[in-house]
Amino acid sequence: MHTSLPEFDMPGDEQVHLAAESFRLLADPTRIKVLWALLQGESSVACLAELAGAAPTAVSQHLAKLRLAGLVKGRREGTFVYYSAANNHVRTLLAQALFHADHIDRDIPSEHAAAQALPHRPTGT
């Protein structure tokens, strides 16, 4: 049935696997806070730990996983590493997830969500 639709297109298995892996890695509140902070600019582990309300060792472990998934990148300066979001795709992905969460939290009907191009800055950040 779907294959008869002229514009129907399914993503490939590898693309689906990689997308699912990205969502799996984002399924953690600390990682979301860390990524949101990195979207504001480059930061160190100590600063990210303070912003996320987590121990530096835990944030370091989260960053290692996010780096392996290609969601963050690191820049070494002497003995310090400064992290940043890997690219604008990360911004779009996280912004849309937070936008969706905001609409669920405030019980905003989906037709209002479709009318907005970009999310507003979530409260408390």
Side-chain angles (χ1 to χ4, degrees):
M1 176 180 156
H2 291 91
T3 55
S4 65
L5 299 172
E7 299 296 319
F8 183 77
D9 184 31
M10 283 291 287
D13 289 344
E14 184 64 15
Q15 188 178 15
V16 169
H17 173 75
L18 291 171
E21 183 65 13
S22 292
F23 283 127
R24 186 184 69 77
L25 285 168
L26 290 174
D28 181 282
T30 299
R31 289 183 193 150
I32 290 174
K33 288 178 183 179
V34 164
L35 271 177
W36 188 258
L38 291 175
L39 289 169
Q40 313 308 308
E42 191 176 65
S43 190
S44 68
V45 171
C47 183
L48 290 169
E50 183 179 328
L51 289 169
T57 53
V59 169
S60 183
Q61 290 174 356
H62 286 302
L63 285 166
K65 291 176 183 176
L66 292 169
R67 190 176 62 244
L68 285 173
L71 296 170
V72 301
K73 58 185 177 181
R75 177 183 65 82
R76 184 169 294 281
E77 189 172 296
T79 59
F80 291 96
V81 177
Y82 294 95
Y83 292 90
S84 60
N87 53 46
N88 278 333
H89 296 130
V90 175
R91 176 179 299 282
T92 303
L93 183 64
L94 192 56
Q96 286 298 315
L98 291 169
F99 181 66
H100 179 69
D102 186 45
H103 277 73
I104 291 171
D105 184 47
R106 297 190 300 147
D107 199 25
I108 298 172
S110 61
E111 59 269 10
H112 292 289
Q116 306 241 353
L118 290 174
H120 72 283
R121 187 177 182 96
T123 57
T125 56

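For this chain, numbers begin at 1 and follow the sequence in order.
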Between L94 and I32, is any pair of side-chain heavy atoms under 4.5 Å apart?
-> yes
Contact check, side chains of H17 and D13, non-hydrogen atoms, under 4.5 Å = no
Going only through I, L, V, M, F, W and Y residues with side-chain contacts under 4.5 Å, is there a path from V34 to L26?
-> yes
Is there a donor-acceptor pair closer than 3.5 Å between any side-chain N or O of [X] and the backbone N or O of [Y]?
X   : Y   : value
Q40 : W36 : yes
N87 : V90 : yes
R91 : L39 : yes

Roughly how far, to the nearest 0.5 Å, is the [atom2] atom of [Y] from the [atom1] atom of [X]?
X    : Y    : atom1 : atom2 : answer
L35  : L63  : CG    : CG    : 8.5 Å
L93  : L98  : CG    : CG    : 9.5 Å
H100 : H103 : NE2   : NE2   : 10.0 Å
L38  : L48  : CG    : CG    : 5.0 Å
S43  : E50  : OG    : CD    : 9.5 Å
L68  : L25  : CG    : CG    : 9.0 Å

